[in-house]
Amino acid sequence: SYYKTIDEIGKMGEQAQAKRIRVAGNVEDGSIVRKGKEVEFVLVENDKKLRVVYAGSDPLPDTFKDGSQALADGRMGPDGVF
């Protein structure tokens, strides 16, 4: 399935808030923080970063760790958090 890069999402502006999209990147080392049922982390791609908050009910894959490739599916919030 098709996904956007972090740079492409940055260029979408408010359109990124209007529809569900997928974004790919690498999980930044040391950025994974578990808060109750939520998991916060940062995706990086070249010099671009994107904060992500996962609040789904599906368990995260075993491969989800620092430096791994990840694909997030959701919407950009008005606060710039995906």
Side-chain angles (χ1 to χ4, degrees):
S1 61
Y2 182 73
Y3 62 87
K4 302 273 187 196
T5 64
I6 295 171
D7 189 47
E8 288 173 327
I9 287 179
K11 292 176 182 174
M12 288 177 69
E14 290 184 8
Q15 289 181 347
Q17 298 174 33
K19 57 184 174 180
R20 192 169 189 88
I21 50 181
R22 288 183 168 187
V23 61
N26 293 319
V27 179
E28 183 177 53
D29 290 345
S31 71
I32 300 171
V33 177
R34 299 177 192 281
K35 294 183 177 180
K37 294 184 178 185
E38 291 184 346
V39 178
E40 298 180 8
F41 59 97
V42 176
L43 288 179
V44 293
E45 174 196 43
N46 300 321
D47 60 345
K48 305 289 183 188
K49 293 185 179 188
L50 178 66
R51 276 190 58 219
V52 178
V53 176
Y54 173 73
S57 59
D58 292 335
L60 292 168
D62 293 338
T63 57
F64 180 75
K65 57 187 175 185
D66 287 352
S68 66
Q69 290 183 339
L71 186 66
D73 185 356
R75 286 189 172 87
M76 179 72 76
D79 58 358
V81 177
F82 192 81

Are [Y] and [X] co-members of a hydrophobic cluster defined by side-chain heavy atoms under 4.5 Å apart?
X	Y	result
Met12	Leu50	yes
Ile32	Val52	yes
Val33	Val42	no

Requested in this report: For residues 72-82, pull every pair meeting salt bridge (charged side-chain N to carboxylate O under 4.0 Å, His left out), keeping only residues two or more places apart or in separate chains.
Outcome: Arg20-Asp73, Arg22-Asp73
Report task. Kindly say whether Ile6 contributes a backbone atom to a donor-acceptor pair with the side chain of Glu45 at under 3.5 angstrom? Result -> yes
**Report entry** Test side-chain hydrogen bond (donor to acceptor under 3.5 Å, both in side chains) applied to Glu28 - qualifying residues, sequence neighbours left out
**Finding:** Lys49
**Report entry** Lys37: partners by side-chain hydrogen bond (donor to acceptor under 3.5 Å, both in side chains), with sequence neighbours left out
**Finding:** none
Kindly write out the residues that satisfy salt bridge (charged side-chain N to carboxylate O under 4.0 Å, His left out) with [X], not counting sequence neighbours, or none if the list is empty.
X	result
Asp29	none
Glu40	Lys35, Arg51
Lys19	none

Report task. Please list all pairs passing the ring pair (Phe, Tyr, Trp, His ring centres under 6.0 Å) test where one or both residues lie in residues 56-82, with sequence neighbours left out. Result -> Phe41-Phe64
Report task. Mind listing the closest non-hydrogen atom pair of Ala55 and Glu38 along with its distance? Result -> CB-CG, 4.0 Å
Could you work out, with side chain to side chain contact (heavy atoms under 4.5 Å, CB included) as the rule, every residue matching [X], not counting sequence neighbours?
X	answer
Ala70	Val27, Leu43
Ala24	Tyr3, Leu71
Glu8	Tyr2, Lys4, Thr5

Query - Non-hydrogen side-chain atoms of Val39 and Val53 separated by less than 4.5 Å - result: no
Requested in this report: Can you run down the side chain to side chain donor-acceptor pair (under 3.5 Å) pairs that involve residues 54-69, sequence neighbours left out, and say none if there aren't any?
Outcome: none
Query raised in the report: More than 12 non-hydrogen atoms from neighbouring residues, nucleotides or ligands closer than 6.0 Å to CD on Gln15, yes or no?
Result: no
